[in-house]
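Working notes, beginning with the structure itself.
The structure presented is a predicted model; accordingly, all values stated were derived computationally and were not measured. The chain is numbered in sequence order, starting from 1.
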Amino acid sequence: MQWRIGAAKITRIVELEGAGGTKFILPQASPEAVKEIGWLVPDYATADGKLKMSVHALVVEADGKRIVVDTCIGNNKKNRIVPVWNDLDTPFLFKLNEAGFAPETIDLVICTHLHVDHVGWNTKLAGNDWVPTFPNARYLFGRTEYEYWKDFEDNPEQRAVFADSVRPIVDAGLADIIPGTVQVSESISTVPTPGHSPGHMSIRIRSEGEEALLLGDVAHHPCQMAHPEWSSTFDSDPMQSARTRRDVFGEIADTGTVVIGGHFPAGRIVREGGAFRLVLREV
């Protein structure tokens with residue numbers, strides 16, 4: 001699936017997708033509550049109230065660069081608490097190559113945050129070692145995010161994620177630790193959007209009068225546009241997460257800005273009552 005934003009092109013490479021219950025991530029989004037949000041069906045939810053979600057990477061082609069935003073879960077990664085994410089063996093790299101993006105042709109990797117499903121393909125297993133999947137790329141990690149997680153000891157999964165998917169990039173000398181707001185290239189910049197994680201960033205694309213915002217996990221699903229107060233169980237600061245959603249959605253609603261989530265495809269946000277709705281953006 002691809003979208004054009006002015007001269008920029010965005011390609012979605014899906015690692016996993018499906019529809020199901022959300023108790024582990026959005027407990028407020030029960031099937032009954034989801035069915036009350038009629039516009040979610042059929043693009044974002046099933047008729048019986050199951051949320052459609054994906055884990056994907058976004059490849060941005062702009063300003064002569066190839067940029068991967070977020071790198072999914074990754075193969076062979078262990079100690080993941082979600083059973084279906086543990087020790088994966090998916091054809092993600094085949095899909096990336098098939099779409100025309102050989103790993104060695106990638107110039108930049110930007111991680112909106114350093115959670116398990118956004119950093120996994122930073123590295124791949126080579127023998128017994130984790131090596132950079134994109135050997136010619138610079139990897140951009142937010143400074144607040146990196147400093148928070150690098151010495152984090154409270155969560156065994158997050159320690160494993162940092163050890164196999166973040167630290168090897170730093171050790172290889174490929175990491176750039178950046179502030180929350182930075183101009184990456186002429187068309188692309190980062191925007192601080194904290195709440196889901198302490199240093200969460202979104203990616204803004206402005207090209208030829210058009211604009212897009214790659215949300216990362218500002219929202220895990222469009223149901224959070226109807227209910228910005230619904231925070232994920234994985235949000236480090238649920239109240240800040242809700243404030244960020246209201247601020248971001250309020251700023252771009254009815255402007256024509258294209259938004260793409262870390263777990264849902266592109267759309268345009270419009271106001272609906274005291275909340276918001278996502279209108280699917282066609283390919």
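In this structure, T190 and R204 have side chains that are not in contact, with every pair of non-hydrogen atoms separated by 4.5 Å or more. With a 4.5 Å cut-off on side-chain heavy atoms, L108 and I188 do not count as touching. Proximity of E61 to F101: side-chain heavy atoms (C-beta onward) are separated by under 4.5 Å at one or more points. Using a 4.5 Å heavy-atom threshold, the side chains of V248 and S202 count as separate. With a 4.5 Å cut-off on side-chain heavy atoms, R12 and W3 count as touching. L51 has its side chain within reach of V34: a pair of non-hydrogen atoms, C-beta onward, lies under 4.5 Å apart. When side chains are defined from C-beta on, L16 counts as touching L88, because their heavy atoms get closer than 4.5 Å. In this structure the side chain of R277 reaches within 4.5 angstrom of the side chain of V279, judged on heavy atoms.
Note that CD1 of I178 and CD of E145 are 11.0 Å apart. Values are rounded to the nearest 0.5 Å. Atoms CE and CZ, from M201 and R143 in turn, are 11.0 Å apart once rounded to the nearest 0.5 Å. Annotation: the span from M225 atom CE to W39 atom CH2 amounts to 6.5 Å, rounded to 0.5 Å. A distance of 10.5 Å separates OG of S54 from CG of D117, quoted to the nearest 0.5 Å. The OG atom of S187 sits 8.5 Å away from the CD1 atom of I205 when rounded to the nearest 0.5 Å. With rounding to the nearest 0.5 angstrom, the CD1 atom of I73 is 12.0 Å from the CG atom of D87.
Connection of V166 to L125 is not established within any shared hydrophobic cluster, with ILVMFWY side chains joined at heavy-atom distances below 4.5 Å, either directly or through further cluster members. If you chain together hydrophobic residues whose side chains sit under 4.5 Å apart, V14 and I10 never meet in one group. A continuous path of hydrophobic side-chain contacts links V82 to I25 [ILVMFWY only; heavy atoms under 4.5 Å]. The cluster map of Ile, Leu, Val, Met, Phe, Trp and Tyr, joined by side-chain heavy atoms under 4.5 Å apart, puts V41 and V270 in different clusters.
Panel note: side chain T11, backbone Q2; no donor-acceptor pair is recorded below 3.5 Å. With hydrogens and angles ignored, the 3.5 Å screen pairs no side-chain donor or acceptor of E15 with any backbone N or O of T71. With hydrogens and angles ignored, the 3.5 Å screen pairs no side-chain donor or acceptor of T112 with any backbone N or O of H200. Using a distance-only test at 3.5 Å, with no hydrogens or angles considered, no donor-acceptor pair links the side chain of S189 to the main chain of Q183. Between the side chain of S165 and the backbone N or O of N122 there is no donor-acceptor pair closer than 3.5 Å. Listed for the D235 side chain is no donor-acceptor partner under 3.5 Å among the backbone atoms of G195. Judged purely by atom type and a 3.5 angstrom limit, H227 has no side-chain atom pairing as donor or acceptor with the backbone of A29. Judged by distance alone, with hydrogens and angles left aside, the side-chain atoms of T244 form a donor-acceptor pair with the main-chain N or O of P194 at under 3.5 Å. Looking only at distances, a side-chain donor or acceptor of S207 sits under 3.5 Å from a matching main-chain atom of A7. Judged by distance alone, the side chain of T233 and the main-chain N or O of F24 form a donor-acceptor pair under 3.5 Å.
Shown here for G250 and R271, the closest heavy-atom pair between the two residues is O-NH2, 2.9 Å. Taking every heavy atom of both residues into account, L280 and P265 meet most closely at CD1-CG, 4.3 Å. Pairing each heavy atom of W121 with each of G74, the nearest pair is NE1-CA, 3.4 Å. Here the closest heavy-atom approach between residue N86 and residue N79 is recorded as OD1-N, 2.9 Å. Nearest heavy atom pair, residue G261 against residue H56, reads O-NE2, 2.9 Å. Shortest non-hydrogen contact noted between W130 and K77 is CZ3-CE, 3.0 Å.
We find that D107 and R66 are not joined by a salt bridge, their nearest charged nitrogen and carboxylate oxygen being 4.0 Å or further apart. Look at D164 and R80 and you find a salt bridge, because one of the NZ, NE, NH1 or NH2 atoms lies within 4.0 Å of a carboxylate O, short of that distance.
Other residues, nucleotides and ligands contribute more than 12 heavy atoms inside 6.0 Å of the NZ atom of K35. The environment of K124 atom NZ is sparse: at most 12 non-hydrogen atoms of other residues, nucleotides or ligands sit within 6.0 angstrom.
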(Q) Under the criterion side-chain contact (heavy atoms from CB on, under 4.5 Å), I'd like the reasoning laid out for V161 against V119: C-alpha separation, chi angles, the key distance, then a yes or no. (A) CA-CA 8 Å; V161 169; V119 300; 3.5 Å; yes
Q | salt bridge (charged side-chain N to carboxylate O under 4.0 Å, His left out) evaluation trace for E17 with K95 | A | CA-CA 14 Å; E17 60 185 340; K95 291 181 179 181; over 6 Å; no
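F141 and Y146 have parallel rings, their planes meeting at less than 30° on a 0 to 90° scale where 60° marks the start of perpendicular.
Not counting sequence neighbours, the partners of D48 by the side chain to side chain donor-acceptor pair (under 3.5 Å) test are T46. K150 pairs by the salt bridge (charged side-chain N to carboxylate O under 4.0 Å, His left out) definition with E147, not counting sequence neighbours.
Ring centers of H263 and H118: under 6.0 Å apart, within the cut-off.
In this model, a donor atom of one side chain and an acceptor atom of the other lie less than 3.5 Å apart for S231 and R245. Checked by atom type, the side-chain pair H113/D217 shows a donor-acceptor distance below 3.5 Å.
Each of F152, F162, W149 was compared with H115 under the ring pair (Phe, Tyr, Trp, His ring centres under 6.0 Å) criterion, and only W149 meets it.
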